[in-house]
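A short write-up of the structure that comes next.
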Amino acid sequence: MPDFVIAPPATPAVPVIGGGFFPIRRIFCVGRNYAAHTREMGGDPNREPPFFFTKPADAIIVGDAVPFPTATNNLHHEMELVVALGSGGRDIPSSATLNTVYGYAAGVDLTRRDLQDEAKSLRRPWDMSKGFDHSAPVGPIAPAARIGHPASGRISLTVNGEQRQNGDLSDMIWPVADIIAYLSTLVELRAGDLIFTGTPDGVGPLSHGDRIAGIIDGVGQLEFTLS
Ligand code: MN
C-alpha cells in the first residue's frame, strides 16, 4: 500500500441483483445511437461510426434522491441501457465482445442541454454538460448470467407518471456487441467500465421535484426524485 498523503477516494459502486456490489472504473457514453433521437437532435441517422464521451466514475448515483444540478435551466433526461464490463481488452472482435459483459442496468444520462448546445455552437468540450456531479443515476445491475444479453425489449421513461420516452433496444443503430468492439479500438477496456448505450427519442426537460421512473423490459428499472 503506497503512503498516500490524503485518504484515497472511495470506489463508486452499484448494487447487483442477487447480492454484492459492482465497482465502477470508468463511464463511457455513446452519442446518437437511436435513429429517431438522432433526428430530434438535428443529426443524420445514417450509420456513421459511433462517437463517445465520458463521465467521471463518481457521477454514478444510486437510490431514490438525485440532487438537482447547478448551472442549468434546461436539464434533460436520456433513458439508456447501461452495460457493465466484467473483463475487457483491446481490439476485441465483435464475436467475443459479449463475453466481456458482466451485466446490464437501466440508467439515465442526465444532460445540461443548455450547456451542451452552447458547447456545440462554440466547438467546446461536452464535459460540463454531461459529466457533472450526480449526472449518472443508475438502477441495480442484472448479471448476464441471470438475464442473458437483451437485444430487444421496451425501454421507456416517465416523469411524474407521464410517458416521455418509449423505444426498443432493437432500434439501436450500433448494438452492444458493436459498441464494445469499436470502443476497444480507441481504449483498452477493463473490468469495472460502464457503457451508457444511447437514448431513444423523447428527451426533454426536468424540474425540481420531478419523479423519474425508467424501465427496460428484461433488464430492470430505476426510480428517483430530483431534489
Ligand atoms: Mn445519452
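Ligands are counted one by one from 1 in listed order, and the atoms in each one are counted from 1 as well. Remember, it's a predicted structure, so these values are computed and weren't measured experimentally.
For H134 and F68, the ring centers are positioned 6.0 Å apart or more.
Using modelled atom types, no side-chain atom of K55 and backbone atom of F132 make a donor-acceptor pair closer than 3.5 Å.
For the Mn ion (ligand 1), the nearest N, O or S atom contributed by E78 is named OE1. Considering just the N/O/S atoms of D109, the one nearest the Mn ion (ligand 1) carries the name OD2. Its N, O or S atom nearest to the Mn ion (ligand 1) is what matters here, and for E80 that atom is OE2.
Ion pairing between R113 and E78 holds under the 4.0 Å rule for side-chain N and carboxylate O. Comment: D168 does not engage R154 in a salt bridge, judged by the lack of any side-chain N to carboxylate O separation of less than 4.0 angstrom.
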